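The shown structure was predicted, so the numbers you read here are calculated from the model rather than taken from an experiment. These values consider heavy atoms only, across backbone and side chains, with no hydrogens, waters or symmetry-generated copies.
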Amino acid sequence: METSDFTLELERLGKRIRQVRKHRNLTLLELETISGINDSDLSRYEQGKENLEFLTIFKIAKALNVEVHVLTNYDGTLPGDKSKK
């Protein structure tokens, strides 16, 4: 896979994490408290500036009370949102 494809995927994942976090009405600090992941790291993940290990993705999903696939379904319905699809 090309580096640019990887970078694009990281950015898409980060945007989706931010979208779900905001949908859950959580700040980065609140997500830090729930997930145990430093808010500055969470910010870099949301901006697509840092690679995430699967364990990190799992922790974020658990903290957001969603399954992992919800974070990678970039255009999917948000949890509890019945207005889309």
Side-chain angles (χ1 to χ4, degrees):
M1 174 168 36
E2 293 183 26
T3 304
S4 61
D5 291 339
F6 181 75
T7 301
L8 178 62
E9 200 67 23
L10 274 180
E11 290 172 356
R12 292 179 76 201
L13 177 59
K15 287 179 183 177
R16 181 62 172 183
I17 290 169
R18 180 183 299 120
Q19 181 184 36
V20 175
R21 175 179 60 81
K22 289 187 174 204
H23 180 73
R24 294 286 196 212
N25 295 314
L26 294 173
T27 66
L28 283 171
L29 188 55
E30 290 168 329
L31 184 55
E32 173 186 22
T33 301
I34 298 167
S35 69
I37 301 168
N38 186 289
D39 67 336
S40 61
D41 290 336
L42 289 166
S43 177
R44 284 194 301 278
Y45 299 145
E46 286 188 357
Q47 295 173 42
K49 294 184 178 181
E50 191 167 326
N51 190 13
L52 291 84
E53 293 181 356
F54 185 77
L55 178 60
T56 303
I57 295 169
F58 177 80
K59 286 180 179 180
I60 291 170
K62 188 169 176 81
L64 292 171
N65 197 30
V66 297
E67 294 182 23
V68 171
H69 73 87
V70 171
L71 298 181
T72 58
N73 186 6
Y74 307 128
D75 298 320
T77 303
L78 291 167
D81 187 358
K82 308 227 186 296
S83 65
K84 292 184 182 178
K85 296 183 184 177

Interatomic distance, Glu46 atom CD to Arg44 atom CZ [nearest 0.5 angstrom]: 12.0 Å
Side-chain H-bond candidate by donor/acceptor type, Gln47 with Ser43, under 3.5 Å: yes
Candidate pair Leu42 and Ile17, rule side-chain contact (heavy atoms from CB on, under 4.5 Å), full reasoning: CA-CA 9 Å; Leu42 289 166; Ile17 290 169; 5.8 Å; no
Connected via hydrophobic side-chain network under 4.5 Å: Val20 and Tyr74: yes
Candidate pair Val70 and Arg16, rule side-chain contact (heavy atoms from CB on, under 4.5 Å), full reasoning: CA-CA 9 Å; Val70 171; Arg16 181 62 172 183; 3.9 Å; yes
Donor-acceptor pair, side chain of Arg21 and main chain of Ile60, under 3.5 angstrom: no
From CA spacing to verdict: side-chain contact (heavy atoms from CB on, under 4.5 Å), Val66, Leu78: CA-CA 9 Å; Val66 297; Leu78 291 167; over 6 Å; no
Test item: Leu26 and Ile34 side chains (from C-beta on) under 4.5 Å apart, heavy atoms: yes
Nearest-0.5 Å distance that lies between atom NZ in Lys62 and atom CG in Leu64: 12.0 Å
Heavy-atom check, side chain of Leu52 versus side chain of Leu10, under 4.5 Å: yes
Evaluation steps, side-chain contact (heavy atoms from CB on, under 4.5 Å), between Glu9 and Asp5: CA-CA 6 Å; Glu9 200 67 23; Asp5 291 339; over 6 Å; no
Spacing of Arg24 atom CZ and Leu31 atom CG [to the nearest 0.5 Å]: 11.5 Å
Spacing of Phe58 atom CZ and Glu67 atom CD [to the nearest 0.5 Å]: 10.5 Å
Spacing of Gln19 atom CD and Asp75 atom CG [to the nearest 0.5 Å]: 8.5 Å
Spacing of Leu55 atom CG and Ile37 atom CD1 [to the nearest 0.5 Å]: 8.0 Å
Closest non-hydrogen atom pair, Pro79 against His23: O-NE2, 2.8 Å
